[in-house]
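Structure record follows, encoded as structure tokens.
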Amino acid sequence: MSSRFYLHGDMIPRSVKRVFDERAEERIETGSSTGVLVLRKRNHVVTLVNLSRSGAMIRFAGDAHIGESVSLQLLDRGAIAGQVRWLRDGRMGVSFLQPLE
């Protein structure tokens, strides 16, 4: 059975902000809003926007690709291995390989 309706990227412009917070996890308080992102064996000082058990949002305007392996060094948690999940407007979503305790 075919449908008359099709989904494509033109339906909702990227400039439209989400109205609802659809996060499944609570955010974790952190002792510092600064961290060090290790990407391709280079250190980059970044600003931590938010942190959850499964990942983080950071400010990073450098060159990265979705799927790349990274490490995020946080002052109060040490190094956390992760993977780049998304990039948008100078921000990066990092998914941790192991959930935070």
Nearest heavy-atom pair of G67 and Q83: which atoms, and what distance? O-NE2, 3.0 Å

For A81, what residues pass the side chain to side chain contact (heavy atoms under 4.5 Å, CB included) criterion, not counting sequence neighbours? L97

Rounded to the nearest 0.5 Å, what separation is found between the CD1 atom of I80 and the OG atom of S95? 11.5 Å

Per the ring pair (Phe, Tyr, Trp, His ring centres under 6.0 Å) rule, what does the pair list look like for residues 57-101, sequence neighbours excluded? H44-F60

R40 vs D63, side-chain contact (heavy atoms from CB on, under 4.5 Å): CA-CA, chis, key distance, verdict: CA-CA 10 Å; R40 298 181 205 129; D63 181 37; 3.7 Å; yes

Rounding to 0.5 Å, atoms CZ (R53) and CD (Q98) come to a distance of 10.5 Å

Nearest heavy-atom pair of L100 and S52: which atoms, and what distance? CD1-O, 3.5 Å

Measure the spacing between CG of L51 and CG of D76 and express it to the nearest 0.5 Å. 8.0 Å

Atom CG in L74, atom CG in L37: separation rounded to 0.5 Å? 10.5 Å

Determine, step by step, whether T34 and V45 satisfy the side-chain contact (heavy atoms from CB on, under 4.5 Å) criterion, reporting the C-alpha distance in whole Å, the side-chain angles of both residues, the deciding distance to 0.1 Å, and the verdict. CA-CA 7 Å; T34 303; V45 176; 3.6 Å; yes

I need the minimum non-hydrogen distance between A56 and L72, along with the two atoms involved. CB-CD2, 3.9 Å

Are V70 and V38 co-members of a hydrophobic cluster defined by side-chain heavy atoms under 4.5 Å apart? no

From CG (N50) to CZ (R91), nearest 0.5 Å: 9.5 Å

Do you reckon V36 sits in the same ILVMFWY cluster as L39, going by side-chain contacts under 4.5 Å, direct or chained? no

CE of M92 to CE of M57, rounded to nearest 0.5 Å, is 12.5 Å

